Amino acid sequence: MTLFSNLPGDEGLPGHERARVLAAVMTTTLMGVFDGTMINIALPSMARAMQVPANVAVWFANGYLLSAAMTLAIFAALAARVGYRPVFLSGLATFTLTSLGCALATTPEMLTGMRILQGIGGAATLSIAPAILRSVFPGRLLGRILGLHALLIASSTAIAPVLGGTILDALSWQWLFAINLIPGSIALMLAWRALPRESAVDRTPFDAPGAVLSAVLLGSAIMLADSLQHVAQQISAQAIFWGVLALVSAFAFTWRIRRAQHPLLPPVMFRNGRFTLAALTSLASFVSQGITFVALPFLFQSVYGYSPVVSALLFTPWPIGIVLIAPHAGRWADTISAPLISTLGLIVFVGGLVLLATLPANPSVWNICLRSLVCGIGFGCFQSPNNREMLSNVAREYASYASGVLSIVRTFGQCLGAAAVGVLLAVTTGSDHQTLDDRAVHLALWIAVIASTGSVLFSLSRLRPAVRASA
């Protein structure tokens, strides 16, 4: 296979060693995708089972995203100093064990707590997975390997909702977490054997103050978004507190990375115009995806009245669209222009979101599926070329940091999107906590359209010749 071929001057590992590392990383990714996708489908059922309102159930998903977003930069910087192997293995083991804790949870508070711990474990693997691939594969194959990575995510995303819906019908929501134990154990064994015992590339001291500030900044920003659900009645002291904390920590973190001798994130990366614009494009697009992936299950089940299994099937055209286009998009990014391919994909993605936002009151299954397919094709054409653009526009020694930024904007964007849906649901849900206004879900989808339009504007701006390609 081309991915495992060897040419003179290739960076990274020999072909056969690349294959083993790829299997370890992909298995871990598969587990993480299954976990996140199945939980989104299960949120309405979990809300009913635990007798909590929809905006509380959103935090069964958002608690994971919150803790992951808060610690991604920390693990990326830590991996640069101690190596990828110990960070990846520790995170994978934590994720697997806390999956068992989630399955055994008996209260909403316990489940949310386990999900927070699970997010910390997931952050350790998510933050450096792209960097591991960058380190073992030569640059000439970077677009293709990231396209394959997107293909795996998409195909497992297609299977996970169907599997999750089937489990919900046959068993209970606890099994959605217990099922992680098998792939988690396999991934841990593969990673233990395959990951190279490389030396750390950064010998500088770890920036502990910067780590604390980054966690406080990301966490307070997300909590601010969630606390805004109370502003419908009156401006709450909680919202003011989180807003002030987010603002202060943003200034403090910016000052820290500019003035510290060895900052948590090297500022030199952001002097590269193409890297920074790719990061902003990714952030806006994942806000859109986060809104859509949380809003649609409530639309399908609570408004249209579909069962969890049918709702899961209605999701499958989206990842199928990614499967159809992602490998080609990765190859095009290696040979044509990654920013151009990403921009074209985003334009298609915006069109698909508009189609979803304009769904009629009683759409047919095929009507929903065709609109979701357009979204998937657009997002699949965008994702891997954009990731390639981020990772290829930093020096190899900064790969861990760039991988962390990539994971931060993805996770933080999804979390902000999910929090936005929580705010809308809290404002519009009936007094019985179960009756949803379908206008709130459609409004959420229109907000997703606005965010994705912003990502198109960011992406278009990097097509200008004036944008610097190197720091």
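The first residue of the sequence shown is numbered 1, and numbering continues consecutively from there. Model, not experiment: these values are computed from the prediction.
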Quick check: closest heavy atoms across [X] and [Y], and the distance to 0.1 Å?
X	Y	answer
Gln174	Ala103	CG-O, 3.1 Å
Ala215	Met70	O-CE, 3.3 Å
Ala191	Leu92	CB-CD2, 4.3 Å
Pro385	Ile341	CG-CG2, 3.7 Å
Pro267	Ile257	CG-O, 3.0 Å
Phe88	Val25	CZ-CA, 4.4 Å

Using a 4.5 Å cut-off on heavy atoms from C-beta on, say whether the side chain of [Y] contacts that of [X].
X	Y	result
Ser452	Leu346	no
Ile336	Trp332	yes
Asp207	Pro209	yes
Leu370	Pro317	no
Leu126	Arg410	yes
Arg115	Phe177	yes
Ile128	Tyr401	no
Leu117	Ser67	no

Test item: [X] side-chain N/O and [Y] main-chain N/O as donor-acceptor pair under 3.5 Å:
X	Y	answer
Thr276	Phe270	yes
Ser342	Phe382	yes
Thr112	Glu109	no
Ser288	Ala448	yes
Thr98	Gly101	no
Ser282	Ala278	no

Show the atom names and distances, to 0.1 Å, of all donor-acceptor pairs under 3.5 Å that link a side chain in residues 244-252 to residues at least two apart or in another chain.
residue: Ser249; atom: OG; partner: Leu245; partner atom: O; Å: 2.7
residue: Ser249; atom: OG; partner: Ala246; partner atom: O; Å: 3.1

Hey, could you give me the [atom1]/[atom2] distance between [X] and [Y], rounded to the nearest 0.5 Å?
X	Y	atom1	atom2	answer
Leu445	Leu356	CG	CG	6.5 Å
Cys381	Leu344	SG	CG	6.5 Å
Leu277	Asn272	CG	CG	9.0 Å
Ile132	Thr28	CD1	OG1	8.0 Å
Thr125	Met31	OG1	CE	7.0 Å
Phe75	Tyr84	CZ	OH	15.5 Å

- Tell me yes or no: between the side chains of Asn386 and Arg462, is some donor less than 3.5 Å from an acceptor?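 Their side chains do contain a donor-acceptor pair, which is all the 3.5 Å distance test asks for.
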- Using a distance-only test with no angle check, is there a side-chain donor-acceptor pair under 3.5 angstrom linking Gln118 and Ser99?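 Yes - a donor-acceptor pair under 3.5 Å links their side chains.
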- Query: More than 12 foreign heavy atoms under 6.0 Å from CD1 of Ile182: is that the case here?
  - Reply: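 Not more than 12 within 6.0 Å, no.
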- Message: Show every ring pair (Phe, Tyr, Trp, His ring centres under 6.0 Å) that has at least one partner inside residues 344-366, sequence neighbours left out.
- Response: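 Counting only pairs at least two positions apart or across chains, the ring pair (Phe, Tyr, Trp, His ring centres under 6.0 Å) contacts touching residues 344-366 are Trp318-Phe349, Phe349-Phe379.
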- Message: I'd like to know whether Thr71 forms a side-chain contact (heavy atoms from CB on, under 4.5 Å) with Leu218, so could you lay out the CA-CA distance, the side-chain angles of the two residues, the decisive distance to 0.1 Å, and finally the verdict.
- Response: CA-CA 9 Å; Thr71 53; Leu218 293 169; over 6 Å; no
- Item | Chi angles and distances behind the side chain to side chain donor-acceptor pair (under 3.5 Å) call for Ser459, Thr343 | CA-CA 6 Å; Ser459 192; Thr343 304; 2.5 Å; yes
- Message: With side-chain contact (heavy atoms from CB on, under 4.5 Å) as the criterion, how do Leu181 and Thr96 come out once you've worked through the C-alpha distance, each side chain's angles and the decisive distance to 0.1 Å?
- Response: CA-CA 6 Å; Leu181 297 176; Thr96 305; 4.1 Å; yes
